[in-house]
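Taking it in order: structure first as structure tokens, then the write-up.
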Protein chains: 2
Amino acid sequence: MQDYNFLSAELKRVLKEKKLKYTLQREVVLRALFSHTGHHSPEELLQLIREGYPEVNIGIATLYRTLALFEEAGLAESISFGKDGKRYEIGHKHHHDHLVCIECNKIIEFHDEVIERRQLEVVREFNFKMLNHTMNIIGICSECQKKSKEK
Amino acid sequence: MQDYNFLSAELKRVLKEKKLKYTLQREVVLRALFSHTGHHSPEELLQLIREGYPEVNIGIATLYRTLALFEEAGLAESISFGKDGKRYEIGHKHHHDHLVCIECNKIIEFHDEVIERRQLEVVREFNFKMLNHTMNIIGICSECQKKSKEK
DNA sequence: GTGCTTGCAAATGGTTTGCATAAGG
DNA sequence: CCTTATGCAAACCATTTGCAAGCAC
């Protein structure tokens, strides 16, 4: 998943499978997600694309449509908490959870096997078919804690 | 927390502490949350209040303001996933997580000590100050799985 | 009385949609 | 060609806000 070529091939595979078309816009959105790790809002991504690929014309509606498509295809993942809409990041092999700092809005990712395994057990117990899961821990990161002490 | 009187007293305590006023609207919102267990959207709650307490006049803006206040005070909790806004429920002693069925929109609550403890460890590891956390497992509940088999 | 509250309506802001045009297959 | 995509602007919808009037204290 480190390799952009792999992602691009994956995009083409998905599009073919769904009988959708390979377009410059879709390519560029994927490229933007790939080259800017982190969690971006659609607006931010639009900005990044317009800066990085000024020759490509893309509207916000197309971006939204593309992000929804990517998420469904597993090429991207979204996180949303409270208002302020969703943020997207490139799809990962491993599921991960988030620590969200309410002061600086930083998002720290973590992956914990104990939690993952336990989730599977819970799901089995309820005879529930898990399609996805999200875990967000809201709080204050260590840096912001320091900052507020300094005040 | 089973007792409404306790909740009502808690509301009054919170209001006094914050130098806010005790109003009929706030009382009625709490009452509605208490008497209708489950996860309700603000619109639904407004409906429930207008049906259950037709003598009380309340606007949607007040409801939103009240729900935000309650959440901050721990009297209510919210869950939000994807679009379709937040849903509120009365505050619980024990934190719990959710299994959300994408077919019938049912929300099943569960509490798992293994996961809770592990979260604390993760948080400590990152030197993160946890204020809240949410875990939602999205999928299809056992009943909806049966239904789709029948088709 | 003073200041918090409320209802109403208007504003907001993220996201979606309708539609005519453009372009992939 | 036929079908899916796109950009634009308008539409949506949950939520927030400004404000004058209404209450709690």
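Just so it is clear, the values below take in all heavy atoms, side chains as well, and ignore hydrogens, waters and symmetry mates. Keep in mind that this is a model prediction, so the values were computed, not measured. Each chain gets a letter, A, B and so on, in the order the sequences are listed, and its residues count up from 1.
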Rounded to whole angstrom units, what separation is found between the [atom1] atom of [X] and the [atom2] atom of [N]?
{"X": "Lys86(A)", "N": "dT16(C)", "atom1": "NZ", "atom2": "C1'", "value": "12 Å"}
{"X": "Arg26(B)", "N": "dT5(C)", "atom1": "CZ", "atom2": "C1'", "value": "7 Å"}
{"X": "Glu43(B)", "N": "dC12(D)", "atom1": "CD", "atom2": "P", "value": "16 Å"}
{"X": "Tyr22(B)", "N": "dT6(C)", "atom1": "OH", "atom2": "C1'", "value": "16 Å"}
{"X": "Leu69(A)", "N": "dT15(C)", "atom1": "CG", "atom2": "P", "value": "17 Å"}
{"X": "Ile49(A)", "N": "dG7(D)", "atom1": "CD1", "atom2": "P", "value": "10 Å"}
{"X": "Lys18(B)", "N": "dT5(C)", "atom1": "NZ", "atom2": "P", "value": "11 Å"}
{"X": "Leu15(A)", "N": "dA23(C)", "atom1": "CG", "atom2": "C1'", "value": "15 Å"}

task: Indicate the atoms forming the closest heavy-atom contact of Ser78(B) with Lys86(B), along with that distance.
output: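 Scanning both residues, the minimum pair turns out to be OG-CD, 3.7 Å.
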
Between [X] and [N], is there a side-chain N or O to OP1/OP2 distance below 4.0 Å?
{"X": "Tyr64(B)", "N": "dT16(D)", "result": "no"}
{"X": "Thr62(B)", "N": "dT5(C)", "result": "no"}
{"X": "Gln25(B)", "N": "dG7(C)", "result": "yes"}
{"X": "Thr23(B)", "N": "dT6(C)", "result": "yes"}
{"X": "Arg65(B)", "N": "dT5(C)", "result": "no"}

query: At under 4.0 Å between heavy atoms, what does Ile60(B) touch on the DNA or RNA strands: base, sugar-phosphate, or nothing?
result: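 Nothing, no nucleic acid heavy atom in range.
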
query: Has the side chain of Arg31(B) got a donor or acceptor atom that lies under 3.5 Å from a matching backbone atom of Tyr4(B)?
result: no

field: His95(B) ring center within less than 6.0 Å of His133(B) ring center
entry: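 Between His133(B) and His95(B), the centre distance is under 6.0 Å.
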
- prompt: What residues, two or more places apart in sequence or in another chain, satisfy ring-ring contact (aromatic ring centres under 6.0 Å, His included) together with His96(B)?
  reply: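 With neighbours one apart ignored, the set is His92(B), His98(B).
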
- request: Only one of Arg118(B), Arg124(B), Arg117(B), Gln119(B) passes side-chain hydrogen bond (donor to acceptor under 3.5 Å, both in side chains) with Glu121(B); say which it is.
  value: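 Output: one option passes, namely Arg118(B).
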
query: Closer to the 5' end of DNA chain C via nearest nucleotide, is it Val56(B) or Lys21(B)?
result: Lys21(B)

message: Among dC8(D), dG24(C), dT5(C), which nucleotide has an atom closest to any side-chain atom of Asn57(A)?
response: dC8(D)

